[in-house]
Amino acid sequence: MAILEVRDLIVSVEGNRILNGVSFALEKGRVHALMGPNGSGKSTLAFALAGHPDYTVEGGQILLESEDITRLPAYERARRGLFLGFQYPPEVEGVKLREFLRLAAANCHAPFCEFQKLYLESLTYFRMEELGERELNVGFSGGEKKRSELLQMRVLRPKVALLDEPDSGVDVDALRLIAAGIEEAARLGSAVLLITHYPRILEHLPLSRIFVLDEGKIVKEGGPELAWEIERRGYEAVRG
Amino acid sequence: MKRTKAGLTAELIEEISREKGEPKWMLEQRLRSLEAFRRLPMPRFGPDLSEVDFDEIFYYLRTVEPVTSWDELPEEIKRTFEELGLPEAERKALAGLGAQVDSEVVYRSILEEVRAQGVIFTPMEEAVRDYPELVREHFMRVIPPEDNKFAALHGAVWSGGTFVWVPEGVEVAIPLQAYFRMQTQGVGQFEHTLIVAEPGSSVHYIEGCSAPRYSKVALHSGMVEIVAKEGAHVRFTTIQNWSRNVYNLNNKRAVAYAGATVDWVSGSLGSKVTMLYPSTVLAGKGARTENLSFSFARDGQWLDLGAKAIHLAPDTSSRLISRSVVKGKAKNVFRGKLFVAPEARGAKGHVECSTLLLSPEAETETIPTLDVRNHDVEVGHEATVGRISREQLFYLMSRGLEEAEAMSLIVNGFVSPILKEIPFEYAIELKRLLEMSFTEAIG
Ligand SMILES: Nc1ncnc2c1ncn2[C@@H]1O[C@H](COP(=O)(O)OP(=O)(O)O)[C@@H](O)[C@H]1O
Ligand SMILES: [Mg+2]
């Protein structure tokens with residue numbers, strides 16, 4: 001059964017229509033990939049699902065565990081178990097990563113003692129021990145920011161994780177950690193929507209479906225082989 | 001209830017002085033101040049003060065008779081003080097507490113062991129009567145009435161406040177606190193605080209204040225004078241939460257002699273208009289001062305703040321640090337001023353102001369003035385202005401934080417370097433005030 005269902009989603013930003021009726025469903029414990037050329041609307045879709053107020057839903061529905069969350073504010077969606085890993089996580093000066101995540105976890109009903117343990121363990125998991133007392137993303141390298149997103153996901157244990165290019169611009173070691181984090185999340189039951197340009201990260205993941213987005217529509221769906229086909233032949237050819 | 005007529009006249013001054021049973025020198029000082037007040041111009045910088053009508057203010061108002069226990073206070077005042085947590089703070093964390101309502105101190109206590117150390121902590125009027133030499137030597141010598149219009153006004157009509165004297169070598173381990181309440185519509189409050197720390201002594205003094213909100217303009221013009229003798233350490237903390245009809249125009253200045261340290265910590269949250277520039281005159285070799293200011297200006301407020309360090313002796317040092325948050329159509333100004341005299345070789349001074357703007361209409365200005373008259377110095381100045389971006393706010397909200405929660409997390413983070421310097425209980429209180437002001441501002 002689908003845990004997240006998106007029906008005919010139409011989204012505009014500043015009066016420009018970016019998504020023109022997007023439909024798909026995510027399953028519990030599985031990884032789904034969202035691919036597509038630059039500017040095709042992948043991040044727009046992720047922001048709209050997470051409830052960014054600048055992304056206006058003009059039509060369609062978002063259902064989380066059969067509940068319509070289309071009009072809920074972002075924090076309500078998060079509290080119901082939706083997580084967005086940002087493509088470009090902002091730096092927030094003065095706010096400690098730990099303090100922030102503790103609050104977030106409390107809002108998402110994680111008990112405090114569990115948080116402490118999970119936080120420290122997750123720092124180790126993603127080799128981020130030195131960043132544990134730092135300010136939120138402040139001065140983090142590109143790769144560190146991506147790991148910080150994965151760390152937050154690991155601590156918050158979402159039902160649905162939307163990960164916007166967690167594998168872009170990271171070195172091989174970080175890539176391995178990030179892939180492991182995604183695999184673990186799926187194993188523990190999260191439904192993952194992984195936005196990526198690279199078939200490599202998909203190889204070791206419990207991949208169920210690949211969606212290809214172009215010009216605000218899903219133009220193709222397929223199994224793992226589709227990722228390699230895109231890699232070899234490009235989006236033009238695949239779209240056919 | 002004892003109340004003088006509104007308006008400012010020599011007869012009124014004489015009446016206040018008679019009411020207090022003052023010695024002649026104090027009456028003369030008041031009349032000299034009135035002269036200066038009439039002569040001096042209004043401040044030529046900063047916020048618009050045209051709403052302050054000196055003829056409309058009640059300069060002296062004895063609302064409540066002094067008591068020796070909280071229970072004897074009128075029910076309404078007692079409840080207010082209880083809500084403010086004063087009796088509890090007194091029991092748990094203070095060496096002494098004074099509480100003033102309108103013009104007079106109504107309650108005062110001091111821990112027996114602190115009294116036994118020889119520390120004087122007493123309402124200003126009693127000090128004028130009981131310690132005439134000590135008071136006369138220092139009273140309005142740090143800030144003479146001729147310094148500026150509001151110093152002069154204060155000198156003419158001052159009432160209430162506290163005198164603190166710490167004997168040589170005595171360290172007062174826990175803070176002394178004063179609380180000021182403007183209770184009555186149209187009242188002016190002009191309390192005078194004088195702290196004299198003898199050589200090698202140390203003391204931490206905290207003042208807090210509040211008022212119910214009235215439609216009529218109220219004026220608060222207090223004065224704080226601090227004398228820190230050789231090697232003494234005085235820390236003065238103010239948490240200001242006046243209601244939004246109050247013009248809060250203060251004078252605060254300290255003199256630090258050789259090896260002495262004076263720290264000012266100021267939290268400015270309330271009032272309609274505030275003008276506050278705590279200053280330290282570094283008069284002796286190796287004297288130091290630290291001035292930490294944080295402020296939160298919201299709709300309609302103009303908080304005109306600053307800090308001054310006047311380096312007159314060698315090897316003196318100063319750090320003037322400010323963190324301001326501005327929300328809605330409000331204005332925050334920080335005037336950081338360093339003066340380094342030719343004799344002050346080896347002086348070090350640092351001015352740093354950061355502002356966080358929470359709305360597009362929020363205004364901020366930082367006005368550093370560095371007047372350095374010798375070459376053997378290290379002085380520096382930094383100013384930054386930041387905004388909370390929509391992206392940051394959405395980021396936090398996408399993790400389950402409501403807008404108010406997200407805002408106050410960012411704001412708390414921003415002011416935390418200064419909150420750290422405030423005693424724990426007060427820092428908690430401040431955080432609570434900040435959070436409250438977010439829910440009220442947003443909700
Ligand atoms: N905040 C915004 N304001 C205006 N246009 C936007 C905004 N966000 C995205 N767009 C536009 O929407 C389109 C899709 O962008 P995006 O969703 O970021 O694509 P992708 O993530 O697939 O690269 C692009 O043409 C982009 O310029
Ligand atoms: Mg993108």
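In this text the structure is predicted, and so the values were computed from the model without any measurement. Chain identifiers are assigned alphabetically (A, B, ...) following the order of the sequence lines, protein sequences preceding nucleic acid strands; residue numbering begins at 1 within each chain.
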Quiz item: Is chain B contacted by the side chain of A/E76, its backbone, both, or neither, given a heavy-atom distance below 4.5 Å?
Solution: neither
Quiz prompt | CZ (A/R127) with more than 12 external heavy atoms under 6.0 Å | solution = no
Quiz prompt | Neighbour count above 12 (heavy atom, 6.0 Å) for B/R288 CZ | solution = no
Quiz prompt | Residue pair B/I410 / A/V95: nearest heavy atoms and the distance that separates them | solution = CA-CG2, 3.7 Å
Quiz prompt | Region of A/L84 that comes under 4.5 Å of a non-hydrogen atom in chain B | solution = both
Quiz item: Above 12 or not: heavy atoms from other molecules or residues under 6.0 Å from CD of A/E93?
Solution: no
Quiz prompt | From B/S416 atom OG to A/E99 atom CD, the distance as rounded to the nearest 0.5 Å | solution = 9.5 Å
Practice problem: Report the C-alpha separation of B/R399 and A/F83 in whole Å, then their side-chain angles, then the decisive distance to 0.1 Å, and conclude whether the side chain to side chain contact (heavy atoms under 4.5 Å, CB included) test is met. | Solution: CA-CA 7 Å; B/R399 298 286 186 265; A/F83 178 91; 3.4 Å; yes
Quiz item: At a heavy-atom separation under 4.5 Å, does A/L101 approach chain B through its side chain, its backbone, both, or neither?
Solution: neither
Quiz item: Of all residues at least two apart in sequence or in a different chain, which pass the side-chain hydrogen bond (donor to acceptor under 3.5 Å, both in side chains) check with A/K42?
Solution: none
Quiz item: If we ignore angles and hydrogens, is there a donor and acceptor under 3.5 Å between the side chains of A/N107 and B/E405?
Solution: yes
Quiz prompt | Closest heavy-atom pair and its distance - A/A78, B/G400 | solution = CB-N, 3.3 Å
Quiz prompt | Min side-chain heavy-atom separation A/R77-B/M397 under 4.5 Å | solution = no
Quiz item: How long is the gap from CD on B/E402 to CZ on A/R79, to the nearest 0.5 Å?
Solution: 4.5 Å
Practice problem: With a 4.5 angstrom heavy-atom cut-off, could you sort out which part of A/E135 is near chain B: side chain, backbone, both or neither? | Solution: neither
Quiz item: Just wondering, are more than 12 heavy atoms of other shown residues or ligands nearer than 6.0 Å to NZ in B/K331?
Solution: yes
Quiz prompt | Residue list, side-chain hydrogen bond (donor to acceptor under 3.5 Å, both in side chains) with B/Y205, at least two apart or on another chain | solution = B/T162
Quiz item: Looking only at heavy atoms, what is the nearest atom pair of A/Y75 and B/L401, with distance?
Solution: CB-O, 3.3 Å
Quiz item: How many angstroms lie between CD in A/E149 and OH in B/Y395, if you round to the nearest 0.5 Å?
Solution: 3.5 Å
Quiz item: Heavy-atom count around B/K337 NZ within 6.0 Å, excluding the residue itself: above 12?
Solution: no
Quiz item: Of the backbone (N, CA, C, O) and the side chain (C-beta and beyond), which part of B/L396 lies under 4.5 Å from a heavy atom of chain A, both, or neither?
Solution: both
Quiz item: How far does OH of A/Y55 sit from CZ of B/F394, to the nearest 0.5 angstrom?
Solution: 8.5 Å
